[in-house]
Amino acid sequence: MTLALLPTPQDIARAVTLLREGLLVAFPTETVYGLGGDARSDIAVARIFEAKNRPGFNPLIVHVPDLATARTCAYFSPLALALAARFWPGPLTLVMPLIDGSLSALATAGLRSVAIRVPAHPVALDLLKAAGIPLAAPSANPSGKISPTTAAHVAAGLTGRIAAILQGGPCEVGLESTIIGLTGPPTLLRSGGLPVEAIEPLTGPLVRHDNTITGPINAPGQLVSHYAPNASLRLNALIAEPDEILIGFGPVTGWVSLSDTGDLTEAAANLFGALHAADILAGSTGKLAIAPIPEHGLGRAINDRLKRASAPRHP
Ligand code: TXA
Ligand code: MG
């Protein structure tokens, strides 16, 4: 059952209740409709990937109602503050150093940075203010399908897979936000709803890493060993070698388990936390192993992530 909610105070309150339970609510933004879930909850974020049927875990954009809330999740440089002051609320996403522990590790795909924006749509702002929760929200469409710019598009793709759709009319911009990386020299990571010409007067010439221009290999999370733990990682392990730390799943028990019951949503929620914890325990010369994960549903995304984590390292 997917509820159709109107942008009334009563329905927004219902949406907030659902979000606080870790359920998913699609909501309008000025760019495209987003599929929102509690960005602090691993299980809520796992449900986002599940609902979209995504083959991999890429880091998600975290939506907040204002700069003050954004500053509880990320460290702002003077340039970041200037960009936020000029363009928020609006179709600009900033990637900044993450404040540890402020968000689900799955929302940031285990990275030490986070992508944040304040959307301009009044319904999105009402929802974010009422929720008091940062919302991870990729576009509200099944993976590989076109981005939704009306509530009807969302309903066509995700009915039955999410708790509710908050209606808010057609999206004005109709194109995802522009993403600027600020963890190094200011970099265009994705062109989008805010033209580069508007941004460069503040940043100077942007480094171009636009994955819409140079192909998917430059998208964060798609670099082969991008998420590699320090330790080596052996896949499809049924028992640990004497010098290995085994991460279990289902019947394979290890030092820690992604899910004792073999639940893939729970496993996705635990994935990055388990890898980090096992990696710290193993130390830089250590060895990790992980149980086989079935290649269906969220298992595909988990295996995609594990393949990258176990790939030979770049120097
Ligand atoms: O317009 C939009 O931005 C829409 C609406 C719903 O707000 N949202 C959206 O979110 O497009 P999403 O989660 O699909 O955007 C994810 C992209 C990633 O593919 C990646 O390119 C970038 O945001 N991203 C997220 N976190 C990042 C990080 N830590 N470093 C670099 N890029 C990051
Ligand atoms: Mg999308």
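Both ligands and their constituent atoms are indexed starting at 1 by order of listing.
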Fill in the blank from the handout: Honestly, for Ile61 the part within reach of ligand 1 (heavy atoms, under 4.0 Å) is both

Handout entry: Heavy-atom check, side chain of Arg117 versus side chain of Leu92, under 4.5 Å
Key = no

Practice task
Run the numbers for me: atoms of ligand 1, each under 4.0 Å from some heavy atom of Asn58, listed by number.
Solution key: 18 (C), 19 (O)

Practice task
Could you tell me whether any N, O or S atom belonging to Ser139 is less than 2.8 Å from the Mg ion (ligand 2)?
Solution key: yes

Completion exercise
ligand 1 atoms nearer than 4.0 angstrom to some heavy atom of Ala115 are 24 (N), 25 (C), 26 (N), 27 (C)

Completion exercise
Among Ile116, Thr31, Leu189, the residue with a heavy atom nearest to atom 5 (C) of ligand 1 is Thr31

Practice task
May I ask whether Thr108 has any heavy atom positioned less than 4.0 angstrom from an atom of ligand 1?
Solution key: no

Practice task
Return yes or no for this condition: an N or O of Tyr33 is under 3.5 Å from an N or O of ligand 1.
Solution key: no

Exercise for the section: Work out which heavy atom in Ala151 is nearest to a heavy atom in Ile165; give both atom names and the distance. Expected result: CB-CG2, 4.1 Å

Handout entry: Interfacing atoms of ligand 1 (cut-off 4.0 Å, heavy-atom, His63)
Key = 5 (C), 6 (C), 7 (O)

Exercise for the section: From the options Pro59, Gly56, Gly193, select the one whose nearest heavy atom is closest to atom 16 (C) of ligand 1. Expected result: Pro59

Problem - Arg300 with Glu50: basic N within carboxylate O range, under 4.0 Å - result: no

Problem - Closest non-hydrogen atom pair, Ala267 against Ile302 - result: CB-CD1, 3.9 Å

Fill in the blank from the handout: Residues His121 and Val123: closest non-hydrogen pair is ND1-N, 3.0 Å

Fill in the blank from the handout: Quick look: Ala137 vs ligand 1, heavy-atom contacts under 4.0 Å, and the answer is backbone

Exercise for the section: State the atoms of ligand 1, each with its element, that fall below the 4.0 Å cut-off from a heavy-atom position in Gly34. Expected result: 6 (C)

Problem - Ligand-side contact atoms (ligand 1) for residue partner Leu111, heavy atom cut-off under 4.0 Å - result: 28 (C), 29 (N)

Practice task
Mark yes or no for whether Asp11, through its side chain, and Leu5, through its backbone, hold a donor-acceptor pair below 3.5 Å.
Solution key: no

Exercise for the section: Please could you name the atoms of ligand 1 that Arg190 approaches to less than 4.0 Å, counting only its heavy atoms? Expected result: 2 (C), 3 (O), 9 (C), 11 (O), 15 (O)

Exercise for the section: Determine whether Leu98 and Leu111 make a side-chain contact, defined as any pair of heavy atoms from C-beta on separated by less than 4.5 Å. Expected result: no

Practice task
For residues Tyr33 and Phe27, establish whether the separation of their ring centroids is below 6.0 Å.
Solution key: no

Problem - Single hit among Val118, Ile133, Asp126, Leu128 for side chain to side chain contact (heavy atoms under 4.5 Å, CB included) with Pro65 - result: Leu128

Handout entry: Enumerated ligand 1 atoms positioned under 4.0 Å from heavy atoms of Ser113
Key = 28 (C), 29 (N), 30 (N)

